[in-house]
Amino acid sequence: MQQRFRKPIKIALAAAMTMAAVGVAAEGVSYRQAADMLYLVMSSDRAVYARKVVQRLTRDEQLLTASEHFEDDSALPLPAQMFRFGAEMAADKTEDFSYSLLSLHPVNRKNGPGTDLEREGLQFVADHPGENFYGEEELGGERYFAAVYPDVAVAEACVNCHNNHKDSPRTDAEVGDVMGGVVIRIPMD
Amino acid sequence: MARKAALWILCVSGTLIATALVTAWMLVGGDRRMLLIGKTTDAHHQIETTCETCHAAAPFASAAAAAKALNKTCRNCHEDALQAAEDSHARKLFRSPRMAVYWEKLDARLCTACHVEHRPEITRPGAVTVAEDFCVACHSEGDQDVRKARPSHAGLTFDTCASAGCHNYHDNRAIYEDFLVSYAGRPWVASAPVHELAMRSRAQKPPAEAAGKRGAALAPATALAEQTALHDWAGSGHAAAAVNCAACHAPAAEGTSRAAVEAQWIATPDSAICEGCHKTPAQTFAQGRHGLRRHPSLAPPRDPSRRLEAIGLSGLLPKAAAAWLADLPPPMHMTVAEARLPMRPEAAGESLHCGTCHQPHAVNTERAAVEACASCHDGTHSRAYFGSAHHELWRAELAGQAPPGTGVSCATCHMAKAERGGKVVTSHNQNATLRPNEKMIRPVCLDCHGLGFAINALADADLVARNFQGKPSVQVESIEWAVRRTQETGN
Amino acid sequence: MLTFAEELVVLLNDEDGAPVPVQEDALACALAGAVLLDLAFAYRIDTDLQTLVVTDRTPTGNPALDRILAKIAARPEAADTRTWIRELSVDEAAAIHEEMLSGLVERGVLARQVEKFPWNLRTPRRPIVNGEAAQGISRRIRAVLHSDGIPDPRDIALIALLDACDLLADVFPAAEIEQCRARIEQLRLMDLIGRELAGAIADIERTIIAALRARSARFRRLLLHLSTIGGLGATAVLLAPRIPASDRFGPSLLQSLWFDELWQQWSGYLLLGFSGAGLLAMLLLKVRPVARLGGGHWWRLAHVGFGLCCALLLFAHTGFRLGANLNAALMTSYLAALTFGALAGISTNGAPQLRSMGIPPKLRSILTRLHRVAFYPLPALVAIHILIVYLY
């Protein structure tokens, strides 16, 4: 048992330190708890960026804009981009876990469901608001624990951009809709 | 019978001795040029005898460990450029297990999936060692099938993705859809074309605090007798910035007495002196083709005595044998004779350091921007520059008939200027804008030209060879397609 | 007077003292036959259809002949001529050859030359010292062949032996022998000697023809064909352009063969294995007890067969791309070994055809030697090649 949870402990400890939150019980946590904690860190960070940086500087103080081509436009990266860059950086540094922001109606096709579990999980969180999806799958010869968390449109800006983007397959989203999901994977030793 | 036995002994011992000798070269030290299994790509031939720069794995490491170590060394040198290019197929995008299905098609986590060294038979432009239509591996099925996602691409074949001037695997900064749309409809050349950074660079003055500190030239009498050097220096930026003789020729004695300067005088200081002050040029020089041998990631020569010590042979080997086991590091400076591009025969003896292009006393950047290049480079493109429209503009600027920043020298395109901390710096890394040549569009071409013209011109190999004398005969439709699709989707 | 075996050795030595290149089998059978002829002419043995028996155990005075005589006499159960020809040609031919050479040196017919450095590349020479004695033999035989006179029975026997072993054309110009074909047949039918002796000569001759020609003709033709295929392949490889890398992405057999590391290791080790097997087949041929199995033909066939397999594997491993530096040296050496091997095979097994085309038989030994020399650097180059793969 101890053996099985070694990796989640490592991840959970890292997550716990990032959060500076309550300590994780030394006897270990399950894959599910580890994924939940990771999700809490990343979703909180994104929410902070969306509200305290993007919303404040663009809508409230109207100093800057946020744009998909933020470098060319000298603008802020969109919250979804900031989230994705974090996921890419983490992927560059570790194989202990990975996460991605996916959707059944992605603006960029590469962010559509790529595995059966992703398809099932994204459909589940879209059909069951407020619920998460947990499962296991095998990829590249290795077994993974996977968790899918619903990603809800919290602001008008999200919905507008998604409805109006030329590459978006969906144009009728409304605030409060589940736009997609965050998928977290942890390899099971 | 004796003859046969002797023959056997000779054969076996010869085989053993030859194998042992070459093995010692491989494991301990020595000249390894003869072990190269094939011509290396591009500029890598300059560093091909520092094997450990790339082959970083321990001897007899597993295939997986060797591949991992090898790929890490690629990134040691190329990662910065890939990040700057906003690599469309960055390794980090393929590390997530959700991409596992693509690993089997073409493992984008490994540089060596497409770039294998020492394989001249299969090396294609861009040092790519897979077939040119490799995009087919991932972009021909399912959601990623470009022919379905883009109706305009329905009839296209995969060997044209990169060759037509539309897509690159890594660097698409100047050819992605929204960028194309935003630059649609611009004229082929601006009404008053000027390179803004070049203009600002020419206007850059030495720091104000230097004024008045110039002082007298303090040097041994024999050195002062060289009137040209003294005269050149007096009119140079160095003199204006109070960089006096001793700063380069006797740095340890700078600001002390004449006697100390004379005692510590170095007649021909090497590039290290320049690097002390000109950090960005020196750093970028080492990243480029001219200064590659100064790149900090190069493996140093192996220390045979330490390697022998590791296998318990340190005391057993005579000195003469140890000399055989000394590594052969490449010369510090790249020489013109080693170049693979066409060079002027009279330049064969030259080697590449700061002073090769910049006369040390006059430090004339105008000479360094064209004449210095042409004193060695002798390819079609180089020769065609003289007399081209770009050259005419450069001559007009030098003659004072046109405003600063309007001329186009070799350096304008191949040593693009950039802004760092409010200051204009010249990148000495030609690679940054060289290949694929679309890399040049944003930092260079767009200063004066429209995007459509730039894409067409760079896609026209003959026009490039003629150094842009004439109009592009290639018509890349990417802007039209991007605009049409944007209009159709109503955004 | 020289013995048959000595005369044979002198005839097969050219003016420079180098041995005339002949089929090893033929030489071995000829030496065995010559010794038996000597013993028959000395009335020490007699033959009938079933057995070869010693009729007189008195030594002849020639140590080599006496050794063989003792050997035959020592065998408890009588064996036939065929058995003795085979046994002597495999077990004794080399020794007989050496003994004859030493005897000739002692008698001052030949001289022993000190072997100088490139002895690995040259066969030791024993230049003819007594030119009169040496030329006398060929002059005698020529006289018999070109005249209608009544010859000496010894000359008839020697000519019959040379003819049986197909060595006449190696000693004399092939065209000359063709012209004398009728006379050779006529000599064969001459009844000049006692019936018993004539019977023995005919028996030895017949046995040799049966043992040597019939057995080898089939193999020789096969070997010639295989070698020719190898030679044509080598020519094609040298002249044909290399197959370029595919312009289509995706699995391709040739691409995998030539550029996939795993495939490369398979083909590389197979190539090494087959090369080793080819070498082993040739080395085993030199080991007498092994060579007796199938008389060497099977081993020679195996050698050529492995060589052809190696050529195919080399194509699979490299596409006949030369590579660079040490790899280029390895490829050059290997291709040279294969090419010279094929050519040596053609010149050895197609000797009669080449002779009729006027190509000197010396070519055969030159090619065989080149084949061997090209092989010498291979073990070291292969070892280094494998090390490079695993170290870098």
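Naming: A, B, ... by sequence-line order, numbering from 1 per chain.
If you measure heavy-atom distances from B:Phe94 to chain A, you find no contacts under 4.5 Å at all. Only the side chain of A:Glu68 comes within less than 4.5 Å of a heavy atom in chain B; its backbone stays farther off. For A:Leu117, no part lies under 4.5 angstrom from a heavy atom of chain B. For a residue to count as touching a neighbouring chain, one of its non-hydrogen atoms must lie under 4.5 Å from one of that chain's; by this rule A:Arg109 touches chain B with backbone and side chain alike. Proximity to chain A is limited to the side chain of B:Arg442, based on heavy atoms less than 4.5 angstrom apart. Only the side chain of B:Arg150 has a heavy atom closer than 4.5 Å to any heavy atom of chain A. Both the backbone and the side chain of A:Lys110 come within less than 4.5 Å of a heavy atom in chain B. For B:Glu86, the part lying near chain A is the side chain, with the backbone staying farther off; criterion is any non-hydrogen pair under 4.5 Å. No part of A:Ser168 comes within reach of chain B, as not one of its non-hydrogen atoms sits under 4.5 angstrom from that chain.
Salt bridge annotation for A:Arg185-A:Asp96: absent, with no cationic side-chain nitrogen under 4.0 angstrom from a carboxylate oxygen. Ion pairing between a basic and an acidic side chain is recognised when a charged N comes within 4.0 Å of a carboxylate O; B:Lys417 and B:Asp447 show no such pairing.
Taking the side-chain contact (heavy atoms from CB on, under 4.5 Å) definition, one finds that A:Pro113 meets it with A:Leu104, A:Glu118, A:Arg119, A:Leu122, sequence neighbours left out. With sequence neighbours excluded, no residue forms a side-chain contact (heavy atoms from CB on, under 4.5 Å) with B:Lys68.
The neighbour count for A:Arg51 CZ, taken as heavy atoms of other residues, nucleotides or ligands under 6.0 Å away, does not exceed 12. More than 12 heavy-atom neighbours from other residues, nucleotides or ligands sit within 6.0 angstrom of CG on A:Asp60.
B:Asn76 places a side-chain heavy atom less than 4.5 Å from the side chain of B:Lys72. Side-chain contact between B:Asp171 and B:Asp87: absent, with no pair of heavy atoms (C-beta onward) separated by less than 4.5 Å.
When A:Ser100, A:Ala146, A:Ala91 are compared by the number of non-hydrogen pairs under 4.5 Å with chain B, A:Ala91 comes out ahead. The choice from B:Arg91, B:Arg98, B:Lys92 that makes the most heavy-atom pairs within less than 4.5 Å of chain A is B:Arg98. When the candidates A:Glu71, A:Arg84, A:Glu137, A:Glu88 are compared by the number of heavy-atom contacts under 4.5 Å with chain B, A:Glu88 comes out ahead. Top candidate by heavy-atom pairs under 4.5 Å with chain A, chosen from B:Ala90, B:Ala149, B:Ser182, B:Pro97, is B:Pro97.
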Query raised in the report: Could you go step by step and tell me if A:Tyr99 and A:Phe83 meet the ring pair (Phe, Tyr, Trp, His ring centres under 6.0 Å) rule?
Result: CA-CA 10 Å; A:Tyr99 65 102; A:Phe83 188 82; 5.4 Å; yes

